[in-house]
Amino acid sequence: MINCDLGMSKPFDIEIERLTGQPTYSEAGLSVSARQRGTFFLETFGCQMNDHDSEKVAGLLLSRGYQQVETPEAASMILYNTCSIREKAAQKVFSRLGEYREKQSEGKVIGVLGCVAQQEGEDIFKRAPWVSLVCGSASYSKLPEMLAQLEAGNPRVTGLDTDTDDTFETEVTRRDNPWRAYLTIIEGCDKACSYCVVPFTRGPERSRASDSILREVRQLAELGYSEVQLLGQTVNSYADPTARRMRFSELLLAVADVEGIRRVRFTTSHPSDFTRDIVEAIEKEAKVCDHVHLPVQSGSTRVLRAMQRTYSREQYLEKIAVIRAAKRPIGITTDIIVGFPGETESEFEETLSLLEEVQYDGMFSFKYSPRPNTPSLSMSDSISEQEKGRRLAVLQDKQREIQAAKHASLLGEHFEVLVSGKSRRENQWTGYTTSHRMINFTSQERELLGTYVHVKVTGATPNSLVGEHAV
Ligand code: SAM
Ligand code: SF4
């Protein structure tokens with residue numbers, strides 16, 4: 001799901017040589033082109049879409065002869081791909097930039113990419129004059145020109161357009177995960193939720209051509225990827241720009257049909273565009289994962305209207321009923337905001353009762369954060385931080401209870417797991433089921449990373465399952 005962790009993503013070593021035909025990470029013995037072009041360090045804040053944008057930015061730089069390094073100290077260019085969805089996220093970027101103030105005097109180029117770049121624009125140069133590059137996510141397709149300007153010695157370069165029909169496609173994407181490949185199929189957002197910066201920072205909705213998506217999926221399968229996650233802020237609003245006019249549900253099936261692909265995920269779905277044919281695709285094709293992330297934001301129709309979410313509580317519940325009626329059980333997760341301006345105690349309780357009614361398999365929850373350029377900024381943010389914190393804690397307690405009971409009911413069941421991590425503790429592995437439950441399990445096998453295994457559930461916590469490899 002598109003989550004909003006602010007952590008820095010740590011790259012796996014995926015042998016980039018396979019993708020670019022160039023060596024990487026060898027700071028001692030840089031290739032000739034890297035010595036000419038330089039090296040870059042890229043840190044990412046925010047959601048999976050930002051992670052994936054960074055993978056594409058890294059691919060683009062590598063294909064132009066830059067070399068990726070693991071520390072800012074080793075880099076000639078330091079890039080931050082930023083998130084501004086909540087105030088704290090944006091603040092974090094400026095404190096990080098402050099840490100690298102001295103680096104400019106060492107001749108390093110410092111660049112800000114992503115949502116904070118789009119939101120703050122040239123003001124970044126005033127707050128952090130040591131920055132040379134400011135590029136919003138809707139302008140990434142212009143990055144090559146911007147890099148050329150930097151190379152020509154231009155001290156300040158910006159890319160801040162949002163009025164583009166382009167999607168950001170690259171010849172080379174430097175993917176961080178060797179098994180699950182992210183693939184953006186729709187960029188930007190045409191919804192206008194009153195609290196959200198995304199339509200401003202990522203620009204209008206642009207869908208990628210279905211033939212180009214399928215071509216990339218075939219390449220991914222050839223490279224050994226078996227799981228593909230289709231991304232978009234409203235992934236199910238996908239509108240194929242080609243004459244083929246492939247529906248989103250058809251695209252899911254077409255991706256699943258590519259030889260070598262075993263799992264197809266998609267996130268985030270918008271409730272208003274969530275149609276029955278998506279459930280039918282999941283029913284029909286086992287490779288389309290049995291998981292839907294369907295953010296509700298609030299259980300109160302009045303608050304939903306104030307949020308401009310374009311559906312009522314009842315309409316949302318009708319979508320849930322369609323998903324629950326599927327022949328194959330489908331996991332449902334959600335996002336919720338507490339303390340939206342004017343949210344009363346009884347409206348908050350409607351959100352609690354919605355949790356009770358839907359019985360979500362997982363939830364991301366946030367305190368409302370007023371953001372620049374959003375309509376809700378003009379509404380009085382009447383609920384104190386303390387009260388928002390209390391509501392968040394009550395909500396999370398409720399969801400923890402629901403998940404604990406759900407997970408306990410799975411004891412003894414068997415699941416197929418894609419193994420994605422190995423613990424430092426001996427014989428301990430971790431991975432995800434098709435419905436995106438995390439499971440930590442024991443196995444005596446020496447190497448399981450990237451393989452699919454069957455695991456029997458032997459224990460449960462509210463956030464994950466515990467199991468053992470069933471041979
Ligand atoms: N497009 C997705 C959708 O419609 O649900 C959401 C994308 S946003 C990156 C992820 C989540 O951040 C949202 O679902 C919402 O819960 C939360 N969020 C967005 N703006 C927020 C704000 N101003 N304050 C608090 N949470 C916010
Ligand atoms: Fe933001 Fe709403 Fe668009 Fe999601 S659908 S990205 S919450 S405006």
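Atoms within a ligand are numbered from 1 in the order they appear, just like the ligands themselves. All residue numbers refer to positions in the sequence shown, counting from 1.
- Using a distance-only test at 3.5 Å, with no hydrogens or angles considered, a donor-acceptor pair links the side chain of Trp130 to the main chain of Leu97.
- Contacts between His270 and ligand 2 below 4.0 angstrom, taking non-hydrogen atoms only, involve the side chain exclusively.
- Atom 1 (Fe) of ligand 2 has Cys196 SG as protein N, O or S atoms under 2.8 Å away.
- Glu387 has a carboxylate O that lies under 4.0 Å from a charged side-chain N of Arg390, or vice versa, which qualifies the two as a salt bridge.
- Under the 30°/60° scheme for interplanar angles, the aromatic rings of Tyr80 and Phe45 are found to be tilted.
- With a 4.0 Å cut-off on non-hydrogen atoms, Phe366 touches ligand 1 through its side chain and not its backbone.
- A salt bridge is absent between Glu285 and Arg263; no separation between the charged side-chain nitrogens and carboxylate oxygens falls under 4.0 Å.
- At a 4.0 Å heavy-atom cut-off, ligand 2 touches Thr234 through the side chain alone.
- Ion pairing of Lys367 with Glu385 is present here, as a side-chain N (NZ or NE/NH1/NH2) and a carboxylate O approach within less than 4.0 Å.
- Less than 4.0 angstrom separates some heavy atom of Gln297 from each of these atoms of ligand 1: 5 (O), 13 (C), 14 (O), 15 (C), 16 (O).
- With distances taken over non-hydrogen atoms, the option nearest atom 4 (O) of ligand 1 out of Met307, Gln233, Arg309 is Arg309.
- With hydrogens and angles ignored, the 3.5 Å screen pairs a side-chain donor or acceptor of Gln308 with a backbone N or O of Ala192.
- Using a 4.0 Å cut-off to heavy atoms of Lys367, the atoms of ligand 1 that qualify are 24 (N), 25 (C).
- The two atoms that bring Ser464 and Asn440 nearest to each other are OG-ND2, 3.7 Å, heavy atoms only.
- Ring pair Phe168/Tyr140 is tilted by interplanar angle, where 30° to 60° counts as tilted.
- Considering both main-chain and side-chain atoms, Thr268 never comes within under 3.5 Å of ligand 1 through any nitrogen or oxygen pair.
- Geometrically, ligand 1 and Asp335 share a nitrogen or oxygen pair separated by less than 3.5 Å.
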- Item | Glu43 vs Ile78, side chain to side chain contact (heavy atoms under 4.5 Å, CB included): CA-CA, chis, key distance, verdict | CA-CA 8 Å; Glu43 184 175 11; Ile78 301 173; over 6 Å; no
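- By the 4.0 Å heavy-atom criterion, Arg309 is counted among the residues contacting ligand 2.
- Those atoms of ligand 1 with a heavy atom of Arg371 less than 4.0 angstrom away are 23 (N).
- Contact atoms of ligand 1 toward Pro295: 5 (O) (distance under 4.0 Å to a heavy atom of the residue).
- A salt bridge between Lys142 and Asp161 is present, with a side-chain N of the basic residue lying under 4.0 Å from a carboxylate O of the acidic one.
- Without hydrogens or angle criteria, Arg265 side chain to Ser435 main chain gives no donor-acceptor distance under 3.5 Å.
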